Structure formats: structure tokens, C-alpha cells
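For reference, the structure is listed below as C-alpha cells.
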Amino acid sequence: MADIPRYMRDVIPPESERFAEVERIGASIVELAGYRRIITPMFENTDTFTRGVGESTDIVNKEMYTFDDRSGHSLTLRPEGTAPVVRSIVTNHLDQGGLPVKLYYSAPMFRYEKPQKGRYRQHHQIGIEAIGSEDPALDVEVLATGWNVLAACGVEATLLLNSMGHPGEDCRKRYQPALKEFLEGYREQLDADCKRRMDQNPLRVFDCKVPADQAILANAPLLEDFLCASCREHLGDVQRGLKELGIPYTMAPRLVRGFDYYTRTTFEYQSAALDAAQNAVGGGGRYDGLVESLGGPGLPGIGFGLGIERIRLAQEAAGVQLPSHEVTVLVVPVGAEEKDAATSLLWSLRAAGVRSDTTYSERSLKAQLKHANRIGARLVAIIGANERAAGTCTLRRMDSGEQTELSVSDAVARAAEEQAR
RNA sequence: GUGGCGUUAGCUCAGGUGGUUAGAGCGUCGGGUUGUGGUCCCGAAGGCCGGGGGUUCGAGUCCCCUACGCCACCCCA
């Protein structure tokens, strides 16, 4: 038997339709805010991610799908959406078309990690990126847009907000030694993982979930107390903007996200409907140095990514119903003589926008009705000798069993009505 | 990468202490007289018991290896 590659999954109906519905909702919301779709390659040169995402991140360290092509170029399947978009802006000089540049994507991401519930080697994100302005109002727009996408999907989220400051001597660079000094005092009490983090990237110790370590960290100095005046002001403006829009948020001074490029505003959307292990349905932040580090002009930027699979999980947990795409009408010719009339009706239905199908068989009426039931058709249009002679069809409702003989045009109109309900 | 649990029909699963032709429910297909499904009744098809090796007169069952899956840790969407 032909097998799917290890750890990969097919998304099949009806889940595939619900998945696509989330994509549609997301696209329509971000387009309302002026974001335009960008489609970048599924893989990039490896250094786009090593330089963009950062050497100290787990994604670059152990989760990249990296391979050499036939001419020896090192390529990497996209593990996240921001670096490729920024790279494309640089490649195509999109910063020349008026700032900020506002783009969105809906695309698969690949991470070489062991799958579990809500975590897959290939997952999908819809995300936006706004490049070329450091106006806190733009931060607010991005946060609010992500919030709106989740709300439109029926996902109740908690918005966690933090500021990473900027990497200057008067800001984050001043904090790191303070944090490190604090941690050194507890070095032997921290578990192995945390010790590693404290040497590689001290901020990441806040990710630690070991209770004993958390107790120590509760007294650690916080970045928010080291922010420079301008980062502090920026954060204050973002908070005011969110309040203005009535979007609730929670300050999370220990929130550290998985990419090195974040500066100032960072945030995460968490779903209360999901277990804590995978409750992040999305996240993002500002990346004021990323464009330049990928060889472009010194432009600031901010964006978010939302996980479609996580949104689906949250929807399921919350009992959110999404429309399904079963055929509305199954056209059923009673005998071979009615097949032409059936085909004609079928295409009239389709021309009117009614999802419709026929059985492509000469099975008994009984068997065809059974098929209609099986595929979830709401209506059946039966054409037998009588209807053929009269130029009509018998429209049967599958839920109630009631049926009426109608002209073709009336049947099409009735079916269109039914589909719209 | 590490750990726990699992793998028998299309799906969900039974198959004490090894013992004849491996079962159920659901699903699929067909039938229960003319052109009426979803309920009910009857019938049929469908299984290298994940793969390999070992113990044994005999292995779905016990042992080892391996592949794959799920869940969890790390981290994230």
C-alpha cells in the first residue's frame, strides 16, 4: 500500500473544508485592513532563516527541514512566515511602493520536530506583516487584526502583551547582565535545560515550566523595569490604543517568544479552550532590525502568525459550527431514458450556483436515494418517465420526505433557496 | 532527540492461563416484486492478526528486534 511520509497528514473532507473556511475568514479580515496577499516559495536559501530567525532559536538549532539540491545549494523548507516575506520585500524592492508595506500570507510551515496533538511537522499559518513604520498605532492595528480574525473564527482568546525593548545599551543590553547575574546566584538549583538556556539566551529561561525554577524566576528582575524611555512610551501608546479599541489584554512580562528578531512589542494569543501545552493559537511581534539583517534598508516591521490547526482545535473544543459543503441537490434519473434530461437539469442547477451532482449509474431509484442520503444531499431531483414527458422534475426533501413536482426553473429556484439557508 | 502506551476487517474494538475453519458493532454492496433513502429484517463481500526472528508438537496470544501511530517532555502555531 502507498503510505504517506512519516508524520505527515492528509486533510480530507469535511475537515479540509473547515480548514479552508478558516483561511477564507482570515483572508477577508486582513484584506479589510489593507493587507495584500503575497505568495513566496515553500523553501528559501537556508541562510535566510539562520540570519533571520536567529542562531540561538530552537527552530534554527533543531527544527529546520534543510537539504541540498542537486547543485549543492542548501535550502530549507519554510519554518515560519516572516523571514521569507521580509526577504521578498528586499528582493523585489517593495519598500519603494509607499510605506508601510502591508502583506499577508496563508501557507504551510515545516518544522522537523516530533508531532503530538496540535503540533505537526507541516502546519499552516495565516499571517500579516507591516513593514516601514514604527508608529505604535500600527502595532495596535496588527494586534487588533489578529484579534478580529480569531473572533471571526469563534475563538475566544487571551491576548498576552510584552515589550522586548530594543537591543541597545540603554535598554535590553542593560537588562541581560542583570538577569544573568541574578540567575548565576541560582545556577546549581536550576535544571539542566534552564542552565543551557541561561548560557545561550538568558531570556529564554522564562519559558521554563519546572515549578521549582518558576519559583526562583518569580523574583528575577524583569525587562519592563529596564526599558528605555522611548520603548516604554511606545508600549504605553500600544496599551492605550488597545484600550481605545476595547480589546482586552494581559501584560505578560515573562512572555518570551521563539525568534531572536523580536524587538519592542511581542504578543501571543492563547485559547482558554485548549490545554496549556498547545494553547497558543498565534503570536507575533515587532522586528525592527530584521529587514536590515536580511540585507535591506533599515526599516522596522511588525506582524503576527496564526496557526490554522490550532484555531481548528480551539473551534472544536468550543463547539463552533462551520458550514459544510455537501452537494445540495442530487439529480436522479429513474431509467436510462431520463439521463439526458437529468444532465440538462444538473447543469441548469450548477449555472444557478447550486452545488449539485448526479449518480453516473443506472442503479435503481432506491439505490440512488440511498446514495443521496449517504452523501448528505438535502434535496433530490427525480426525473422518471412522467417528469420527462411533462418537462418537470420531482423535488424531494431528504429530511422530511415531502416532495413536489416542479418545472425545471422552479426546481432550480427552490434549490438555490435551500442552499442559501 | 527522550519517555509512556499502542498496532487484529474500510472504521471502532473483542479475542482468561498458547490449542481446530480469527469474531462483534458500525460501514459497504445486494435482497425484502412496478418509481422512493435514512428505521426494521435477511444475505454477501471484506483479514500475509504491522514486519522479521525466536521458544514450542502448535503463536493473534510468550520473548527479542524493527517499522509505524498516538500522547507527553523540550519548544512552539
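Computed from a predicted structure; not experimentally measured.
- Nucleic acid contact class of Gly401(A) (heavy atoms, under 4.0 Å, all strands): base.
- Between Arg414(A) and Glu417(A), no side-chain nitrogen of the basic residue sits less than 4.0 Å from a carboxylate oxygen of the acidic one, so the salt-bridge criterion is not met.
- Remark: the separation of the C1' atoms in A14(B) and A22(B) is 11 Å, to the nearest Å.
- With hydrogens and angles left out, the side-chain atoms of Ser106(A) and Glu23(A) include a donor and acceptor closer than 3.5 Å.
- An OP1 or OP2 oxygen of A72(B) is reached within less than 4.0 angstrom by a side-chain nitrogen or oxygen of Gln116(A).
- Side-chain atoms of Ser28(A) and Arg24(A) form no donor-acceptor pair, as typed in the model, at a separation below 3.5 Å.
- Judged by distance alone, with hydrogens and angles left aside, Glu113(A) brings a side-chain donor or acceptor within reach of the base of A77(B), the pair sitting under 3.5 Å.
- Under the 30°/60° scheme for interplanar angles, the aromatic rings of Phe259(A) and Tyr261(A) are found to lie parallel.
- Comparing the P positions of G23(B) and G46(B) gives a spacing of 14 Å, expressed to the nearest Å.
- Checking G1(B), A77(B), G27(B) against the side-chain heavy atoms of Arg374(A) singles out G27(B) as nearest.
- Contact of Arg396(A) with G37(B) (side chain to base): a donor-acceptor pair of N or O atoms is detected under 3.5 Å.
- If you check every strand for non-hydrogen atoms under 4.0 Å, Gly282(A) touches sugar and phosphate atoms only.
- Of the P atoms belonging to G47(B) and A9(B), the separation is 10 Å, rounded to the nearest Å.
- One C1' atom belongs to C62(B), the other to G16(B), and the distance between them is 15 Å to the nearest Å.
- Rounding to whole angstrom units, CD of residue Glu338(A) and P of G35(B) are separated by 11 Å.
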_What verdict does the ring-ring contact (aromatic ring centres under 6.0 Å, His included) test give for Phe67(A) and Tyr65(A), after you've listed the backbone C-alpha separation in whole Å, the side-chain angles of each residue and the deciding distance to 0.1 Å?_
CA-CA 7 Å; Phe67(A) 60 97; Tyr65(A) 257 104; 8.7 Å; no
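- Between Ala385(A) and Asp399(A), the residue anchored nearer the 5' end of RNA chain B, judged by the nucleotide with its closest heavy atom, is Ala385(A).
- No hydrogens or angles were tested; on distance alone, nothing pairs the side chain of Arg6(A) with the base of A67(B) as donor and acceptor under 3.5 Å.
- The base of G35(B) sits within donor-acceptor range of the side chain of Asn386(A), with an N or O pair under 3.5 Å.
- Using a cut-off of 4.0 Å between Lys/Arg side-chain N and Asp/Glu carboxylate O, Glu418(A) and Arg397(A) are scored as salt-bridged.
- Distance, Leu395(A) CG to U36(B) C1': 14 Å, rounded to whole Å.
- Counting non-hydrogen atoms under 4.0 angstrom, Glu309(A) reaches nothing in the nucleic acid.
- One atom, CZ of Arg121(A), and another, P of C70(B), lie 11 Å apart when rounded to the nearest Å.
- Across the strands present, G47(B) finds no partner; the criterion is a Watson-Crick or G-U wobble pair with both atom distances under 3.5 angstrom.
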Between the protein and nucleotides 30-33 of chain B, which nitrogen or oxygen pairs are less than 3.5 angstrom apart?
none

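- Counting non-hydrogen atoms under 4.0 angstrom, Gly118(A) reaches a base of the nucleic acid.
- In this entry G30(B) has C42(B) as its Watson-Crick or G-U wobble partner, both defining distances falling under 3.5 Å.
- One C1' atom belongs to U66(B), the other to C11(B), and the distance between them is 27 Å to the nearest Å.
- Residue Leu306(A) is classed as having no contact, given no heavy-atom separation below 4.0 Å to the nucleic acid.
- On the P atoms, G25(B) is 29 Å away from U36(B), given to the nearest whole Å.
- Listed nucleotides: U36(B), C73(B), A77(B). Nearest to the side chain of Lys114(A): C73(B).
- Distance Ile12(A) CD1 to C11(B) P: 11 Å, rounded to the nearest Å.
- The side chain of Gln125(A) sits closest to A77(B) out of A77(B), G37(B), G35(B).
- Under 4.0 Å is where a charged nitrogen must lie from a carboxylate oxygen, and between Asp399(A) and Arg378(A) no such pair does.
- Counting only heavy atoms from C-beta on, Ile382(A) has its side chain closest to U36(B) among G37(B), U36(B), G1(B).
- Look at Glu80(A) and Arg111(A) and you find no salt bridge, because none of the NZ, NE, NH1 or NH2 atoms lies under 4.0 Å from a carboxylate O.
- Using a 4.0 Å heavy-atom cutoff across all strands shown, Phe259(A) reaches sugar-phosphate atoms only and no base atom.
- When heavy atoms are screened at a 4.0 angstrom cut-off, Glu80(A) is found touching no nucleic acid atom at all.
- Summarising the base pairing, A24(B) is matched to U12(B) through a Watson-Crick or G-U wobble pair whose two defining distances lie under 3.5 Å.
- Using a 4.0 Å cut-off between charged side-chain N and carboxylate O, Arg396(A) and Glu402(A) make no salt bridge.
- Counting to the nearest Å, the P atom of A77(B) and the CD atom of Gln315(A) are 19 Å from each other.
- A donor and an acceptor atom sit less than 3.5 Å apart, one in the side chain of Asn373(A) and one in the base of G37(B).
- The residue Tyr7(A) sits close only to the backbone: its heavy atoms come under 4.0 Å of sugar-phosphate atoms, none of a base.
- Between Glu15(A) and Arg312(A), at least one side-chain nitrogen of the basic residue sits less than 4.0 Å from a carboxylate oxygen of the acidic one, meeting the salt-bridge criterion.
- For G35(B), its base sits under 3.5 Å from the side chain of Glu387(A) at one donor and acceptor pair at least.
- The side chain of Arg310(A) has C76(B) as its nearest neighbour among G3(B), C76(B), G35(B).
- Atom CD1 of Ile4(A) has more than 12 neighbouring heavy atoms from other residues, nucleotides or ligands inside a 6.0 Å radius.
- Nucleotides C73(B) and G30(B) place their P atoms 48 Å apart, quoted to the nearest Å.
- Rounded to whole Å, the P atom of G69(B) lies 40 Å from the corresponding atom of G43(B).
- The base of U36(B) is not paired with the side chain of Gln368(A) by any donor and acceptor separated by under 3.5 Å.
- In this structure, G3(B) and C71(B) make a Watson-Crick or G-U wobble pair, each of the two defining distances being under 3.5 angstrom.
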